[in-house]
Structure formats: structure tokens, C-alpha cells
Amino acid sequence: MDYLLKLLNGNFVDKVTRLPNESFFNTVYSMLSNSNSTFFVITLDLDFDSLAEDEINFVIARAASVIKHSVRIPKDFVFRSGQKRFSIILHGINEITAKQIANRIKESLDYLFLNYKDKNIKIDTKIKVEKLGGAIGE
């Protein structure tokens with residue numbers, strides 16, 4: 001019941017991106033890791049030179065927009081899973097397709113140049129793709 005209350009009252013929503021947050025991601029990840037269905041998780045770690053919170057939030061919000069437009073919402077799930085980290089849970093695809101999607105998103109983020117006040121910001125993205133769940137021997 002506590003889980004449902006957190007979901008309904010917005011405790012699982014990131015305030016900057018309006019995406020599900022790290023707590024929600026960890027809960028979903030844990031549940032899906034024991035699933036007989038196969039999922040793939042793309043982890044995107046963003047690296048950019050920003051120290052001020054408002055500047056970081058600006059970049060994170062723009063990156064979230066790019067990521068959301070690169071997946072099949074609502075079929076795929078996008079989370080803000082850390083300060084400069086996003087995770088995407090994909091299903092109904094194979095590993096090759098998951099890696100293609102991850103590379104496409106990485107390229108979109110790496111080619112994104114943002115202007116915040118008088119500063120130009122470039123993102124360097126590190127990606128990881130992992131299989132989650134699935135039947136034994138699959």
C-alpha cells in the first residue's frame with residue numbers, strides 16, 4: 001500500500017524532468033529482474049561542465065526531452081535514475097535493437113549544444129545496455 005500511495009501522491013516523480021525518479025526506477029528494476037519476460041535497460045550517464053544547480057537542471061531538462069522523443073512512450077519507460085543519469089527500460093526487442101537505440105540516443109545527446117545564459121554546454125554521454133529478467137537459458 002505504501003508503494004501505491006507514493007505513486008499517487010507524486011513521491012516517485014522527479015521535479016525537474018517530470019519523469020519517474022530513482023526510487024521508482026529501483027523498485028521497477030528489482031521487480032523486473034525476477035521476471036520471466038526479457039527486458040533491456042539502457043543507462044545513460046551524462047557528463048557536462050556545470051556546477052550551479054539551475055544550470056544542471058537546465059541541461060537535465062533538455063536531455064530528458066531528447067530522450068523521451070527517442071523511445072516508444074508509453075511502451076518504453078524512461079526514468080531519471082541519478083543526478084546526471086537516465087535509465088530506459090525496453091521490452092519486445094532484442095539486444096541488437098537495444099544497442100542501436102542506445103547509440104542513437106547517445107549521438108543525439110552528444111551532438112546537442114546548449115546555451116545557458118552566456119555559456120555553451122556540450123554533453124558527453126556514456127551508455128550501458130544490460131539484459132534484465134528472462135527465462136533461464138534464454
Side-chain angles (χ1 to χ4, degrees):
M1 184 67 166
D2 183 51
Y3 174 80
L4 185 57
L5 287 174
K6 286 182 179 179
L7 183 62
L8 294 174
N9 69 18
N11 287 351
F12 283 142
V13 176
D14 177 66
K15 307 245 183 290
V16 174
T17 62
R18 306 294 297 152
L19 291 171
N21 64 20
E22 185 175 9
S23 294
F24 191 69
F25 171 73
N26 291 335
T27 301
V28 171
Y29 185 94
S30 177
M31 287 190 304
L32 295 181
S33 64
N34 297 319
S35 172
N36 286 333
S37 297
T38 300
F39 298 87
F40 287 93
V41 179
I42 299 172
T43 303
L44 304 160
D45 284 306
L46 310 184
D47 184 24
F48 53 91
D49 294 326
S50 294
L51 298 175
E53 186 176 347
D54 60 334
E55 193 174 306
I56 291 170
N57 290 343
F58 170 80
V59 175
I60 291 298
R62 296 309 179 276
S65 179
V66 169
I67 295 166
K68 284 189 281 189
H69 286 93
S70 299
V71 297
R72 310 165 297 177
I73 291 180
K75 188 170 182 168
D76 300 324
F77 298 96
V78 180
F79 305 84
R80 182 174 180 195
S81 54
Q83 183 187 25
K84 294 182 178 180
R85 174 178 285 170
F86 290 90
S87 296
I88 305 164
I89 296 179
L90 308 165
H91 57 95
I93 62 169
N94 60 30
E95 186 175 5
I96 293 169
T97 304
K99 288 180 178 179
Q100 290 171 337
I101 293 168
N103 285 319
R104 185 181 72 231
I105 295 170
K106 177 187 179 355
E107 289 176 0
S108 296
L109 292 169
D110 288 351
Y111 289 119
L112 185 65
F113 286 98
L114 300 170
N115 297 311
Y116 184 77
K117 297 182 180 176
D118 60 347
K119 184 176 181 181
N120 295 324
I121 303 169
K122 183 182 178 328
I123 301 172
D124 181 37
T125 310
K126 300 198 179 17
I127 58 172
K128 180 176 116 180
V129 177
E130 69 177 297
K131 181 181 169 188
L132 188 63
I136 296 173
E138 189 178 301

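Start at 1 with the first residue, then count along the sequence. What you see is a predicted model; the values in this text were computed from it and never measured.
In terms of heavy-atom proximity, Ile101 sits nearest to Leu90 at CD1-CD1, 4.2 Å. Here the closest heavy-atom approach between residue Phe86 and residue Ser81 is recorded as C-OG, 3.5 Å.
Ion pair Lys119/Glu55 flagged as a salt bridge, since at least one NZ, NE, NH1 or NH2 atom sits closer than 4.0 Å to an Asp/Glu carboxylate oxygen. Looking at Asp54 and Lys117, a side-chain N of the basic residue comes within less than 4.0 Å of a carboxylate O on the acidic one, giving a salt bridge.
For the pair Asn11 and Asn21, the minimum side-chain heavy-atom distance is 4.5 Å or more. Taking 4.5 Å as the limit, some side-chain heavy atom of Ile67 sits within range of a side-chain heavy atom of Ile88. Looking only at side-chain heavy atoms (C-beta outward), Tyr116 and Leu114 stay at 4.5 Å or farther from each other. Looking at heavy atoms from C-beta onward, Asp14 lies out of side-chain contact with Pro20 at the 4.5 angstrom threshold.
Other residues, nucleotides and ligands contribute only 12 or fewer heavy atoms inside 6.0 Å of the NZ atom of Lys99. Residue Arg18 qualifies as open at atom CZ: its count of foreign heavy atoms under 6.0 Å is 12 or below.
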Output, in order, the C-alpha distance, side-chain angles, deciding distance and verdict of side-chain contact (heavy atoms from CB on, under 4.5 Å) for Phe40 and Glu130.
-> CA-CA 6 Å; Phe40 287 93; Glu130 69 177 297; over 6 Å; no

Take Asp45 and Lys106 through the test salt bridge (Lys or Arg N to Asp or Glu O under 4.0 Å) and record every step on the way to the result.
-> CA-CA 10 Å; Asp45 284 306; Lys106 177 187 179 355; over 6 Å; no

Working for side-chain contact (heavy atoms from CB on, under 4.5 Å), residues His91 and Lys75 | CA-CA 8 Å; His91 57 95; Lys75 188 170 182 168; 3.6 Å; yes

How far apart are the C-alpha atoms of Val66 and Arg62, what are their side-chain angles, what is the distance that settles it, and do they pass the side-chain contact (heavy atoms from CB on, under 4.5 Å) test?
-> CA-CA 7 Å; Val66 169; Arg62 296 309 179 276; 5.9 Å; no

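In this structure, Ile127 is a member of the same hydrophobic cluster as Val78, with clusters built from ILVMFWY side-chain heavy atoms closer than 4.5 Å. By the criterion of side-chain heavy atoms lying less than 4.5 angstrom apart, applied directly or through intervening Ile, Leu, Val, Met, Phe, Trp or Tyr residues, Val16 is grouped together with Val59 in one hydrophobic cluster. The hydrophobic cluster containing Ile93 also contains Leu44, counting ILVMFWY residues as joined when their side-chain heavy atoms lie under 4.5 angstrom apart, directly or transitively.
With hydrogens and angles disregarded, no donor-acceptor distance shorter than 3.5 Å links the side chain of His69 to the backbone of Ala64. Side chain of Ser33 to backbone of Ser30: a donor-acceptor contact under 3.5 angstrom is found. A distance-only check finds a donor-acceptor pair linking the side chain of Asp110 to the backbone of Thr125 [under 3.5 Å]. Looking at Arg80, its side chain does come within 3.5 Å of a backbone N or O of Gln83 through a donor-acceptor pair.
Each of Phe12, Phe77, Phe79 was compared with Phe25 under the ring-ring contact (aromatic ring centres under 6.0 Å, His included) criterion, and only Phe79 meets it. Tested against Ser87, the residues Ile42, Val28, Leu19, Thr43 include a single side chain to side chain contact (heavy atoms under 4.5 Å, CB included) partner, Thr43. When each of Ile60, Ile56, Asp124 is paired with Leu46, the side chain to side chain contact (heavy atoms under 4.5 Å, CB included) condition holds for Ile60 and for no other.
With rounding to the nearest 0.5 Å, the separation of OG1 in Thr27 from CD in Glu22 is 10.5 Å. With rounding to the nearest 0.5 Å, the separation of CD1 in Ile89 from CG in Leu132 is 6.5 Å. Rounded to the nearest 0.5 Å, atoms CG (Leu51) and CG (Asp49) are 8.0 Å apart.
The cationic atom of Lys122 (NZ for Lys, CZ for Arg) does not lie both less than 6.0 Å from the six-membered ring centre of Phe48 and within 45° of the ring axis.
For the residue pair Asn26 / Ser23, no side-chain donor-acceptor distance below 3.5 Å is found, with atom types taken as modelled.
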